[in-house]
Amino acid sequence: MAQSERRSAAFFDLDRTLIDVNSGRLYARFEYRNKRISTRQLAESFLWMSLYHFSVLNIEKAFAKAVRHYHGMSEAEIAERTCEWFKSEVAERLQPGAKAVIERHRELGRPTVILTNSSDYQARIAATTWGLDDYIANEFPSDEHGLLLGTVRTPICYGPGKVTRAEEWAAEHQIDLDRSWFYTDSYSDLPMLERVGHPIVVNPDPRLRRLARRRGWPIEDWTADDEHTDVNANP
């Protein structure tokens, strides 16, 4: 398909963008309450998430260590557990502004896609619950018996890895990233912001806010359903 015939799409980060919190913290507490992780593991996960928020974490090493905990567990059980947690603690946290922007892109016939460092189990139920078309997230291989191997598919869906995964998805779905949107709060998503034609910054962390101001990128507040950036350009 010629480049001019390709469509645009709208990609959305999940944590602190579509929702107002880091869902990893919620899930860690959920696992702790159900006695599936220890106090030490809970504290360690909170430390990792704090370092992640400030983009000073070696994400590959942190992920490798974290997912080893799930080696040999049933993938179906993890998916069911994630669904239970999501419905009780996350489903109602979609920010008002996010809901409005998703709907505007949908009305224009533009695919809406979650692009997140979270698990594909969470991203799948999020896309279904909130009516997005697809999701791109971290995937965890399993064996022929459906037991997790304790590894994560690479590249990890983080930083430059998000760009790689988005480019794969775009090629498969005839999407032109140069005409597409990406919404995020995080400085760690700078590679993807630079990859799309319409980078939009949402309730950003301090470093991303400063950078967005220097570059003239739109900065939005999704805590309320107010006016947002025009989504009609380059349909």
Side-chain angles (χ1 to χ4, degrees), residues 9-31 34 45 49 52-53 59 63 66-67 70 75-107 110-140 142 148 152-153 156-159 161-163 165-166 168-170 172-173 175 180-186 188-189 192-193 196 200-204 220 222-225 228 231:
F11 297 88
F12 299 85
D13 177 47
L14 177 58
D15 292 330
R16 299 185 186 275
T17 303
L18 289 178
I19 60 176
D20 60 348
V21 295
N22 183 317
S23 62
R25 287 180 177 271
L26 299 179
Y27 189 74
R29 291 192 183 102
F30 173 76
E31 291 287 86
N34 287 279
S45 69
M49 281 179 270
Y52 163 80
H53 182 64
I59 195 70
F63 247 97
V67 299
Y70 295 96
E75 182 175 36
E77 179 183 339
I78 297 297
E80 182 178 354
R81 182 189 303 174
T82 303
C83 185
E84 172 193 349
W85 159 76
F86 184 91
K87 289 180 177 179
S88 65
E89 299 190 32
V90 184
E92 300 302 320
R93 300 194 78 132
L94 182 66
Q95 299 207 78
K99 183 177 181 180
V101 171
I102 291 169
E103 183 58 32
R104 290 170 193 167
H105 282 293
R106 184 185 297 118
E107 289 172 354
R110 191 174 291 133
T112 53
V113 184
I114 293 175
L115 178 59
T116 178
N117 186 44
S118 300
S119 74
D120 58 342
Y121 311 118
Q122 178 182 354
R124 182 185 306 117
I125 187 64
T128 299
T129 300
W130 298 327
L132 287 90
D133 296 294
D134 210 344
Y135 61 90
I136 304 168
N138 280 312
E139 302 170 20
F140 306 95
S142 59
L148 292 170
V152 59
R153 174 190 167 186
I156 290 175
C157 198
Y158 174 88
K162 276 193 176 182
V163 176
R165 300 286 297 280
E168 293 173 351
W169 187 92
E172 181 180 350
H173 294 84
I175 294 296
S180 294
W181 278 254
F182 178 51
Y183 298 86
T184 185
D185 74 294
S186 179
S188 68
D189 281 329
M192 187 63 187
L193 286 166
V196 298
I200 311 293
V201 172
V202 178
N203 303 111
E220 299 192 351
W222 281 3
T223 58
D225 182 12
H228 301 289
V231 301

TODO: Test F11 against I136 for side-chain contact (heavy atoms from CB on, under 4.5 Å), laying out the working first.
DONE: CA-CA 9 Å; F11 297 88; I136 304 168; 4.1 Å; yes

Looking only at heavy atoms, which two atoms of [X] and [Y] are closest? And how far apart?
X    : Y    : result
V90  : W85  : CG2-CZ2, 3.5 Å
M192 : A166 : CE-CB, 3.5 Å
A137 : R165 : O-NH2, 2.8 Å
Q95  : W222 : CB-O, 3.3 Å
D15  : S23  : OD1-OG, 2.6 Å
A123 : I114 : O-CD1, 4.0 Å

Task: Residues T184 and S186: side-chain donor-acceptor under 3.5 angstrom - done: no

TODO: Check whether the side chains of E75 and Y70 place a donor and an acceptor atom closer than 3.5 Å, and report yes or no.
DONE: no

TODO: List the steps, then state whether side-chain contact (heavy atoms from CB on, under 4.5 Å) holds for N203 with T17.
DONE: CA-CA 7 Å; N203 303 111; T17 303; over 6 Å; no

Open item on the list: For E103, I'd like to know if atom CD has over 12 heavy atoms of other residues, nucleotides or ligands within 6.0 Å.
Closed with: yes

Open item on the list: Is it true that, when you exclude E92 itself, more than 12 heavy atoms of the residues, nucleotides or ligands shown sit nearer than 6.0 Å to its CD?
Closed with: no

What's the separation between atom [atom1] in [X] and atom [atom2] in [Y], rounded to the nearest 0.5 Å?
X    : Y   : atom1 : atom2 : result
D13  : I19 : CG    : CD1   : 9.0 Å
E77  : T82 : CD    : OG1   : 10.0 Å
Q122 : C83 : CD    : SG    : 11.0 Å

TODO: Assess the pair F12 and Y183: is the distance between their ring centroids shorter than 6.0 Å?
DONE: yes

TODO: In plain terms, say whether R153 and D120 are close enough for a salt bridge, that is, a side-chain N and a carboxylate O under 4.0 Å apart.
DONE: no

Task: Full working for side-chain contact (heavy atoms from CB on, under 4.5 Å) between F140 and Y121 - done: CA-CA 9 Å; F140 306 95; Y121 311 118; 3.8 Å; yes

TODO: Report yes or no: does N138 contribute a side-chain atom to a donor-acceptor pair with the main-chain N or O of C157 at less than 3.5 Å?
DONE: yes

Task: N/O donor-acceptor pair under 3.5 Å between K162 side chain and D189 backbone - done: no

Task: Heavy-atom side-chain proximity of Y135 to T116 below 4.5 angstrom - done: no

For residues 127-134, please give each side-chain donor-acceptor pair under 3.5 Å, one per line with the distance, not counting sequence neighbours.
residue: T128; atom: OG1; partner: R124; partner atom: O; Å: 3.1
residue: T129; atom: OG1; partner: I125; partner atom: O; Å: 2.7
residue: W130; atom: NE1; partner: A91; partner atom: O; Å: 3.0
residue: D133; atom: OD2; partner: T112; partner atom: N; Å: 2.9
residue: D133; atom: OD2; partner: T112; partner atom: OG1; Å: 3.1
residue: D134; atom: OD2; partner: W169; partner atom: NE1; Å: 2.8

Task: Criterion side-chain contact (heavy atoms from CB on, under 4.5 Å) on I102 and L18, from CA distance to verdict - done: CA-CA 10 Å; I102 291 169; L18 289 178; 3.9 Å; yes

